[in-house]
Each structure stands twice: as structure tokens, then as C-alpha cells.
Amino acid sequence: MGLSVAAARAIAGQFALEGEIVSVAALAGGHINDSFRVDVEAGGGGRAYLLQALNRRVFPHPDLVMDNVTRVTRHLASRLEAAGVADRERRALRLVPTRRGVNDWYKEPDGRCWRAFPFITGAVTLDRARTPEDGCKAGRAFGDFQRQLAAYDGPALHKTLPGFHDAAARFARLERAARADSCRRAAAAAAEIEAVMAQRSLADVLPPLIESGEVPRRIVHNDAKIANVLLDERTGEPLCVVDLDTVMPGSALWDFGDLVRSTVSDAAEDEEDPARVEVRVPVFAALVRGYLEAAGTLLVPRERALLGFAGRLITLEQAVRFLTDHLEGDHYYRIARPGHNLVRCRAQLALFRGLSAHAAQLDAIVAEQGD
């Protein structure tokens, strides 16, 4: 059950908002955190803020999450300032300090962490890419995000979710969940369990490359999707990347793979009919183009060569995660109906099969645009 508006209103008063609170409303959407819009008024004018409570079940160390978010937002803001970028208030997230000024987040006595951001005006988001140009914009946003963070030289970011993209560990957990069958759901999901376990060897491809340094460790977003890109509602151009809770050390391939997973199909993540989950090759090509143009010389040749594979790997990994959560009782992802996570798993499996069928074509696109 989500947090109440009354609770959020009380917490909003802990932040140095620029005005008197006139309304607080719960925001729909998002699988993880509780989010609220807070409107304030001062001197005849008003502005809005996003107030969020971090999910303690997902983020057991919220202080470390917020420490990372603080470091990243300050770094990105400083890069914009150094470059003399106009309209900087709309091109990077900014945390609102608490009234006590100790941290950029507020921690309740029971340990729950809250943070507030000014709403970025004139911005919109897309649930999925409608056109190849939308894919290009998503690629540009995350390519630029990674390029800017490559210059980060502050204290090392915390690994707030160790093993977040440890695909081998994800498979092992699925195997345990299926064996335990605590919710008596394994029989009805037998086909999906067999399908994902048949691809288990893909989990062994990246770890040795990352360990050897052939694929570099970088600061990455870890939830890269077009829905986490703010676009200018007038020009349609990307403004900034949001939802920074999972930013930590990792591989650029994880982010690009998630972009592929969340962009190349026009179907929703919980599409009921797997036949509707198709790979839009022109969107993939535009995504690669935008990403490589914005990332510039950041990627090494081995990373570029694996961009197509990354899409298949992360899509499969997400299928495993949805299926595991279904078998364990839907503790991680919020569901709207019984069997919702199993439906999500099936949609991801359909996309994985489509990406695998187009693998040679997609890899050729990467090779051509990577030259």
C-alpha cells in the first residue's frame, strides 16, 4: 500500500521549498518509489516540486543511494556551468536541500528517506519510442549522460545494489525460486522457466570481459529507457536523464542493452499478446546513431561490437527478473493484477526472440555506424 498524501504533505514541510504549500497530489506510474507533486505559491507566483519516498525494500541503504544522487547531480550541474550552457535549470536535476541544511534529503526516525526536486517546466516524457527519431533522442540523451559522467573525479560512487546486473546470479535465483515454488506458481510458468533457462549461457559472456578490462567499468544509469528522458515539449529535444537511484559503477553495455529492450518494440512492457512484440529495425538503427554520436569517442571497439548483444542480454535478464518476482510472490515490482509479472516475462521473451532472429542484421547496423 502506498504512502498517504497527508504523510507526504507533512514531509514536504521539511524541505526548503520556495513558497507556501498549496496542494499535494499522489503521482501514478513507476514500479518502485512513492511520488507526489507538491505545488507552492509565493508572491503571486507558483512552482511545483517532485517529492519522493525511496522504497526501503528495494533500496535497503537509502543514505548511500542519496549520496550517489547528490554527487551525480552536482557533477552534471557543474559540467553545464563550466560549458556555459543556457537554460541550465532545465538540463540537470537539482535536489532541494532540507530546511536544516544538513543533507539534500530527509530521513524519518524509522529510516525512510525522502527527497525533493524542482519540477522541470515545459518537459514531457514518452512511455516508448513512437518513431525512429524518438529512438535517436533516447540514444543521444544516454550517450551524453555517460560521456559527462566519464569526467567524474569525485569520491567513488557506492555500489548501492550489488549484483544488480549479475545475470548469472539472476539465473541462480530463478532456479531457486522455481525449486522452492513457495507460491505454487511454477507449474503454470513451466514453459517460461524452460525458455529462459535454455539461454543461461549468455550470462557468462560479459563478466570475464569486464573483469579483464577489455570492457571498461564506467558510471552508468542502470535503468536506461526512454521514459527516463525529459524532452522539451516545444522542440522535442532531450533535456536531461532522470530517475538516478540506480546510478553506480557498471558497464555502458548494460545501459545500451536496456535502451534496446525498452525502445525497439512498439508494444508495452506488459503486452498481453506476445505476437505484437516486434523488433523495429529502423528504431534500433536510430538509437545506435544517436547514442554513438553523443558518446563520441567514449566507447572502446569491444564495447561497440557488443552493442547488439547487449540488447539481447538485458532483455533476457529482465525476463528472468519478472519471472523470478512472479514465482516469489510479486515482492519487487508493483502489479496491477494477478499474473502481471508473468505477462511481463512473456513480453520480454518475445522481444528476446525477435532480437535474436534479427541479430546478424542488428550487429551489421552497429558495425556500419560504429566506423
Side-chain angles (χ1 to χ4, degrees), residues 28-32 125-132 134-135 138 164-165 167 170-171 173-174 177-178 183 185-200 202-203 222-229 243 246 254-284 287 308-359 361-362:
H31 295 321
I32 307 299
T125 59
L126 299 174
D127 289 335
R128 49 190 182 269
R130 304 158 300 183
T131 64
D134 287 343
F164 187 68
H165 276 300
R170 297 286 187 188
F171 274 102
R173 181 168 176 175
L174 172 61
C183 298
R185 296 176 175 180
E192 289 74 24
I193 295 170
E194 181 180 4
V196 297
M197 294 304 290
Q199 304 296 331
R200 193 170 186 168
L202 271 65
N222 288 299
D223 191 16
K225 55 189 177 185
I226 196 169
N228 283 334
V229 177
D243 199 359
T246 52
W254 297 344
D255 274 8
F256 187 80
D258 218 358
L259 277 175
V260 174
R261 182 192 71 82
S262 61
T263 303
V264 299
S265 174
D266 189 39
E269 192 174 67
D270 58 356
E271 170 58 50
E272 295 272 0
D273 181 4
R276 291 199 63 251
V277 182
E278 298 180 348
V279 174
R280 296 177 294 171
V281 173
V283 173
F284 177 86
L287 174 65
F309 169 79
R312 300 191 292 277
L313 175 65
I314 299 303
T315 301
L316 177 66
E317 181 184 299
Q318 190 60 60
V320 170
R321 293 178 65 190
F322 283 142
L323 182 55
T324 302
D325 201 31
H326 171 72
L327 295 176
E328 291 180 342
D330 308 306
H331 299 302
Y332 188 91
Y333 296 106
R334 291 178 178 172
I335 60 171
R337 55 191 181 275
H340 198 175
N341 276 321
L342 184 57
V343 169
R344 289 167 170 154
C345 168
R346 289 168 178 159
Q348 295 303 295
L349 271 174
L351 180 57
F352 171 77
R353 290 173 179 133
L355 291 169
S356 298
H358 286 84
Q361 184 181 10
L362 302 184

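Just so we're clear, the structure is a prediction, and the values are computed from it rather than from any experiment.
Side-chain contact check for Leu174 versus Met197: some heavy-atom pair is nearer than 4.5 Å. With contacts defined as side-chain heavy-atom distances shorter than 4.5 Å, the pair Val229/Thr125 does not qualify.
Considering every non-hydrogen atom in both Ala186 and Ile193, the closest pair reads O-CD1, 3.9 Å. Between Thr263 and Gly135, the shortest heavy-atom distance links the atoms CG2-CA, 4.0 Å. Shown here for Gly329 and Arg185, the closest heavy-atom pair between the two residues is CA-NH1, 3.8 Å. Taking both residues in full, the closest heavy atoms of Leu362 and Leu355 are given as CD1-CD2, 3.8 Å, listed atom of the first, atom of the second, then distance. Among all heavy-atom pairs drawn from Leu327 and Ala189, the shortest one is CD2-CB, 4.4 Å. Scanning all heavy atoms of the two residues, the minimum distance from Cys345 to Leu323 falls at SG-CB, 3.7 Å.
With Asp134 contributing its side chain and Arg130 its backbone, the two residues share a donor-acceptor pair below 3.5 Å. In this structure a side-chain-to-backbone donor-acceptor pair under 3.5 Å is present from His358 to Gly354. The backbone N or O of Tyr332 sits less than 3.5 Å from a side-chain atom of Asp325, completing a donor-acceptor pair. With hydrogens and angles disregarded, a donor-acceptor distance shorter than 3.5 Å links the side chain of Asn228 to the backbone of Asp223.
The line from OG of Ser265 to CD of Glu278 is 7.5 Å long, rounded to the nearest 0.5 Å. One finds the CZ atom of Arg344 at 8.5 Å from the OH atom of Tyr333 (value rounded to the nearest 0.5 Å). Atoms CG and CD1, on Asp270 and Ile335 in that order, are 12.0 Å from each other to the nearest 0.5 Å. For the atom pair OG of Ser262 and CZ of Arg128, the computed distance is 11.5 Å after rounding to the nearest 0.5 Å.
The aromatic rings of His165 and Trp254 sit tilted relative to each other, their planes meeting at an angle between 30° and 60°.
Remark: Gln199 pairs with no residue by the side chain to side chain donor-acceptor pair (under 3.5 Å) rule, at least two apart or across chains. The side chain to side chain donor-acceptor pair (under 3.5 Å) check on Arg280 picks up nothing, with sequence neighbours excluded. Arg170 is linked by a salt bridge (charged side-chain N to carboxylate O under 4.0 Å, His left out) to nothing, counting only residues two or more places apart in sequence or in another chain. Take Asn222 and apply the side chain to side chain donor-acceptor pair (under 3.5 Å) test, not counting sequence neighbours, and it matches no residue.
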Self-check item: Chi angles and distances behind the side chain to side chain contact (heavy atoms under 4.5 Å, CB included) call for Leu259, Asp255
Solution: CA-CA 6 Å; Leu259 277 175; Asp255 274 8; 5.8 Å; no
Self-check item: Stepwise side chain to side chain contact (heavy atoms under 4.5 Å, CB included) test for Leu342 and Phe322
Solution: CA-CA 7 Å; Leu342 184 57; Phe322 283 142; over 6 Å; no
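Under a cut-off of 6.0 angstrom, the local environment of CG in Asp127 is sparse, with at most 12 non-hydrogen atoms contributed by other residues, nucleotides or ligands. Annotation for Arg200: atom CZ counts as buried by contact number, over 12 foreign heavy atoms lying within 6.0 Å.
Side-chain contact of Asp330 with His340: a donor-acceptor pair under 3.5 Å is absent, judged by distance alone.
Sorted by first then second residue, the salt bridge (Lys or Arg N to Asp or Glu O under 4.0 Å) pairs that include residues 315-324, not counting sequence neighbours, number zero.
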Return a table of donor-acceptor pairs under 3.5 angstrom between the side chains of residues 346-353 and protein atoms on other chains or two or more places apart.
| residue | atom | partner | partner atom | Å |
| --- | --- | --- | --- | --- |
| Arg346 | NE | Glu192 | OE2 | 2.9 |
| Gln348 | OE1 | Arg261 | NH1 | 3.2 |

